[in-house]
Structures are given as structure tokens and as C-alpha cells.
Protein chains: 2
Amino acid sequence: MRLFVFHLRAALFWPSYVEWKACCLSRLLDEGLNRFLARLLLRSELSVAERDAILRLRGRVAEVPRGRELVLPERPVEQAILVIEGLIARFDQMNDGRRQITALHIAGDVSDLHSVPVPVPAWGIEAAANSTIALISHDDIRAAAVKFPALAFAFWRDTVVDASILAKWTANLGRADAATRLAHLLCEIGTRMEVAGVGGRDDFSLGLTQAQLADTLGLTTVHVNRTVMALRNLVGLSFAGGRVQVDNWPALAHIGAYDDGYLMLDKDAAAQEWASIS
Amino acid sequence: MRLFVFHLRAALFWPSYVEWKACCLSRLLDEGLNRFLARLLLRSELSVAERDAILRLRGRVAEVPRGRELVLPERPVEQAILVIEGLIARFDQMNDGRRQITALHIAGDVSDLHSVPVPVPAWGIEAAANSTIALISHDDIRAAAVKFPALAFAFWRDTVVDASILAKWTANLGRADAATRLAHLLCEIGTRMEVAGVGGRDDFSLGLTQAQLADTLGLTTVHVNRTVMALRNLVGLSFAGGRVQVDNWPALAHIGAYDDGYLMLDKDAAAQEWASIS
DNA sequence: CGAATATTTGAAGTGGCTCAAGTCCAGTGG
DNA sequence: CCACTGGACTTGAGCCACTTCAAATATTCG
């Protein structure tokens, strides 16, 4: 039956299906740009012209499967990666091949805005889950930043928030135990998912395997598994097929010593600064 | 005798001493700004007018003793900290008071350029050693960035390099053992000192105690001590009174799996990008 | 259904931690 | 000039969080 439907479609609607797909890709790009703009507006005040400059960016939409490497260390890049859907990871690799993930980017993030000012990264970027991305030319982003100083500041600000998150991860890797690290990460990603409008903090689709989680938390797969099971009992954590659900979110936040200040979600915090730009 | 000299100075030269001091402070500021400019020029091409804008920045010079906290988490800041001499640390603090240092800044670094776009940091900043700093108003830096887009990019680029270093620390905390972490850190700081012109990579003044080193490496003081002693045998490391000397630097780099690519010292790497800005 | 990937479990090993002294050294006051 | 003090460094012994290795059991997907 399913086969029949497919044939029907292929036979009767092929030309219009191509159109539908082109239209769909364009829609996806717009969806991504809208998410990205919303992300910027969380922390930056932008005029109509400046918002338009973001929404008018063009890029190539692509679906990428888990594990696909998008950027390799020391290789120049000319496009920024806008995450439309899914999960993109920044990673560093040791000589023996072991990996450490140093950032995770969700829908609406541009995962290497860094490479606009520094086009040869020291890190790699891979799809951590099956994802939809758009590749946006650095030149276009740069042109927008030069034309609108407020956009340059918004981009700069975005990379600073990224660094703030990275600093928190560093602190946790250095000073927190496995349960705290896992709990903190789940709280953070949950919060970011909720803010991005793609899930609730206590119920979201992460798409990571436990092995990838291990690479993120600086642990082994085995120990991640044991820690997940411990949190299962402690806070009603369920982690199946990349879907994360938490019964007792406050308890999770307590175990993770989680305080979302470092995510810079408080728009007023930067208020005094906007005045002098616009 | 020493007392006598002091009295003589105080009695006879007091008025001119004040002048001398003012002049000296101004000299120190200029020295710091020159170092900072040199740092920017490592990675960014700047016109004469843009260089001038940096050198004309004004700020208050201050001597700060080890341990002095300069910025506290969640507290708005209005000045950036330019390191003229010494060592400034960015840190995060756990609930139980244990610290993790997430960045070290040496002469010529501005240790919180981040707070220009994001004036409420999630981290703290302290003097890790007795240091000389200059406090430069965010407004002045921002004005320069708005007037000269190339400066905005240079600042942005500087925070991205900072993030690249942070990502490397994260990777090492997550995946490297104590000896590797220590060796890598010493290689990195040595390289940066050498580039900044304040020491050789195998002989420089760090100014950190082993306890602070522990907070940087995510270890305990005891274990840092044992690791230092191990490297003493392996590579002829001497670590006394904050002075670091290494007999066999290549061996240290090998133990630390050190590759300085992430420091973005290769000016040509960003070449393609300059064209489109200037 | 079969192959590959992901999760779970057990048992033994170890790198780094904790706790507890003790030494070295620079600075301070008498 | 010395005794005192506090900070930094060093050392030892026992312990534990996490790793390693090895294998069994889901789960996903073509």
C-alpha cells in the first residue's frame, strides 16, 4: 500500500513535486533565518533594516546525516553553518583519535559564526544527529556586518555568549563529577531548546547517543550509561532514542548546580549598552 | 642606608616625584596599548587611523596584588581590563567554593573584551599574580569599533581566538591526563609569552602558585606538585617562585601533544578575509 | 531476517583525590 | 640577628570515581 502511494506520487506529481521541493527548501531557509534572527533579538536590539538584512541572507540548504563532518581543523571555510533542525557539534580530537565535543548547536544557532572573523578554525564541526542546515557565505555575513554596525555587535555578542557557555563547560569538566556534569548539560540543552521553541526543558529531542554524550562530558560510554541510570532513579530521567524526559526538573537542576545566568537570556542585562549603539 | 635613601627622596624630590609618577603611569598605559596593538596586528591588518584610535585610548592604570578580584560574576562592568604586566585570570566558582580558572591573560591581552558586547559576565576576573593593569572605558572601545569597522572585526577576532584557546583547554580537561595538561599549558603560555615579547617559551615568569595551577588544570594541589616533579625529571622543568624553565622544550611539547595552530598565530591564515574588509 | 549500532552489565585496575604531616622559605617584629 | 608566622611546597598512605576490558542484550534499519 505504501508502495502504491509512492508510485502514484512519482508518476503523477513528479514535476510539481520538484517545485514543491524547491519551495520547501526555500521555506526551510526562511525558517532557519527566522530562528537565527529570533536568537539575535534575544540579546540585541535591531532595526527593521537590520532585521531585513538577516532575513535576506541566502544559503544552500542541506540534509546531513549523523556523523557527517562539516568542517575539518585547519581547513579554511567560506560558509557559516546555520542549524535549521537537528544538532551540530564542535569537536577537538586527540592524537589517539579520542574526541571531545566542545559545543552543541541547536535550531537557530549559527555554529561557526567564529569563522567569519577567523576563517581557519582549529576545531572540527560535525552533525551530531541527522540535521538540516543552511550554508551561508561569509562574504554576505561580513557585508551585512560592515553595513550595519549593530549587526556586527550582534554577531560579536553571539560568539561571546558561545564563549560563556564554553567557559561553563570548562569549569564543569575541571571541577564537577559525572552526575553533576550530565545533569548540568541536560538542564542547559533543555533551557536552550525551550528558548528556541523546539521542546520543553523537561521534554526535548536531543538526538545524541550515549557515546556522543561521553565525548561531550569527558567520560567513557560505560560511565555515562551508569550515570544516566543513576539519574533515572534520582530525577525520573528517561533517555531513549535521543529523546530526553525528566520528571523532576528542579531536582535535576539541583544535582547539576544549574543556574542559567551564563546563557545571557536576560535581555535587560545589556540594556545600558544598546543605548550607545543605536 | 635604605631608609636614608627613602627619606632623601621623600624630602627633596617629592613634587617632582609626583610628576615622575604621573608620567610613569602614562608611559605604562602607552606601553600596554602598544602591546595590545601589536597583539591585534598579529591577526588583523589595520590602517594608520585605526592604529591611532587604539593608541589614543585612555585609561586608569592600577597595580593589583595577587588574589585581588577585579570583576565579580553577574556584576555589570563598564571598563575593560588591559594587562600591562603580570597575569590576570578568568574563573568560575562552584557552590562549595572550589574554583576553575578558564583563561589566563598576559601582557598585551585585554582580558574581558567580551564585556564590551556583553557587559554582565557570568565569570569573575582576578589578578593571578601581582600585576599592572589599565582600565579602559567600554564606551571608548565601542566608539572606536563603530567608527572603524575593521577595529570591530579586530576585537571580534580577538575574542574568537580567546574562545579557540578555551576550546583547547576544554578538550584537554575532558580527554588528557595530568602530565599532558600541565605540559600543554606550559607550552601554550610559553609560546604566548614569547610572542608577546615578555620571555622565551622555555624560560618565562609565570607568577602562579601550584595551587592556582591546580585550579587551572582541574587538579588538586597535591597532584599538580607530583606532576611538576615528574616533568622535572622528564624534561628538566624547573618551577620555582613562579619562574618556569624547561631544558628540553620539544620533549615538553611532545608530552603535551602541543600544536600551536589553535593560537591563530599564522597571519596568512586570515588573508582571504582582510581583502573584503579593507 | 540479518547486520550494524546502541545500550547494559560485570569485574578488575588505576589515576587522581583526601587526609594528615612535615619542610622550606620570605617577611615581620622584637 | 633571631624567633615567629604564614604561605608555598613536599611527602606518604589509603581510598574512590572513573576507566578498561570483555561480553551480553536491546534496538534500529535496510
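Just so it is clear, the structure is predicted and the values come from calculations on it, not from any experiment. To find a chain, count down the sequence lines: A is the first, B the second, and so on, and within it residues start at 1. Note: hydrogens, waters and symmetry copies are ignored here, and every other heavy atom, side chains too, is used.
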Does a side-chain N-to-carboxylate-O contact under 4.0 Å join A/Arg175 and B/Asp215? yes
Expressed in angstrom and rounded to an integer, what is the separation of B/Leu237 atom CG from D/dT10 atom P? 11 Å
Earliest and latest nucleotide of DNA chain C, 5' to 3', sitting under 4.0 Å from a non-hydrogen atom of chain B? C/dG16 to C/dC19
Short N/O separations, protein against nucleotides 25-30 of chain D, under 3.5 angstrom:
none

Would you please say whether a donor-acceptor pair under 3.5 Å links the side chains of B/Thr170 and A/Thr170? yes
Could you state the CG-P distance from B/Asp177 to D/dC18, rounded to the nearest angstrom? 17 Å
Hey, does B/Glu31 have a side-chain heavy atom less than 4.5 Å from the side chain of B/Glu85? no
Side-chain N or O of B/Gln210 less than 4.0 angstrom from OP1 or OP2 on D/dG7? no
If you look at every heavy atom in B/Ala167 and A/Leu166, which pair is closest and at what distance? N-CD2, 3.6 Å
Strictly distance-based, threshold 3.5 Å: is any side-chain N or O of B/Arg243 a donor or acceptor partner for the main-chain N or O of B/Leu206? no
Residue pairs passing the side chain to side chain donor-acceptor pair (under 3.5 Å) test where at least one lies in residues 182-197 of chain B, sequence neighbours excluded: B/Asp109-B/Arg192, B/Trp169-B/Glu188, B/Asn172-B/His184, B/Glu188-B/Arg192, B/Glu188-B/Tyr262, B/Thr191-B/Tyr258, B/Glu194-B/Arg201
Write down the distance between CZ (B/Phe239) and P (D/dC9), rounded to a whole number of angstrom. 6 Å
What I want to find out is whether A/Asp92 reaches A/Arg99 closely enough, with some N-O distance under 4.0 Å, to be called a salt bridge. no
Carboxylate-amine/guanidinium proximity below 4.0 Å for B/Asp162 and B/Arg90: yes
Taking every heavy atom of A/Ala89 against every heavy atom of A/Leu104, the minimum-distance pair comes out as CB-CD2, 3.8 Å
With five pairs defining each end axis, the helix from C/dC1-D/dG30 to C/dG30-D/dC1 comes out bent, to 10°, by 40°
Those residues of residues 85-105 of chain B lying under 4.0 Å from DNA chain C by at least one heavy atom: none
Using a 4.5 Å cut-off on heavy atoms from C-beta on, say whether the side chain of A/Glu69 contacts that of A/Ile125. no
Which residues in residues 220-235 of chain A have a heavy atom closer than 4.0 Å to any atom of DNA chain D? A/Thr220, A/Val222, A/His223, A/Arg226
Base, sugar-phosphate alone, or nothing: which one does A/Arg66 contact when heavy atoms must sit under 4.0 Å apart? sugar-phosphate
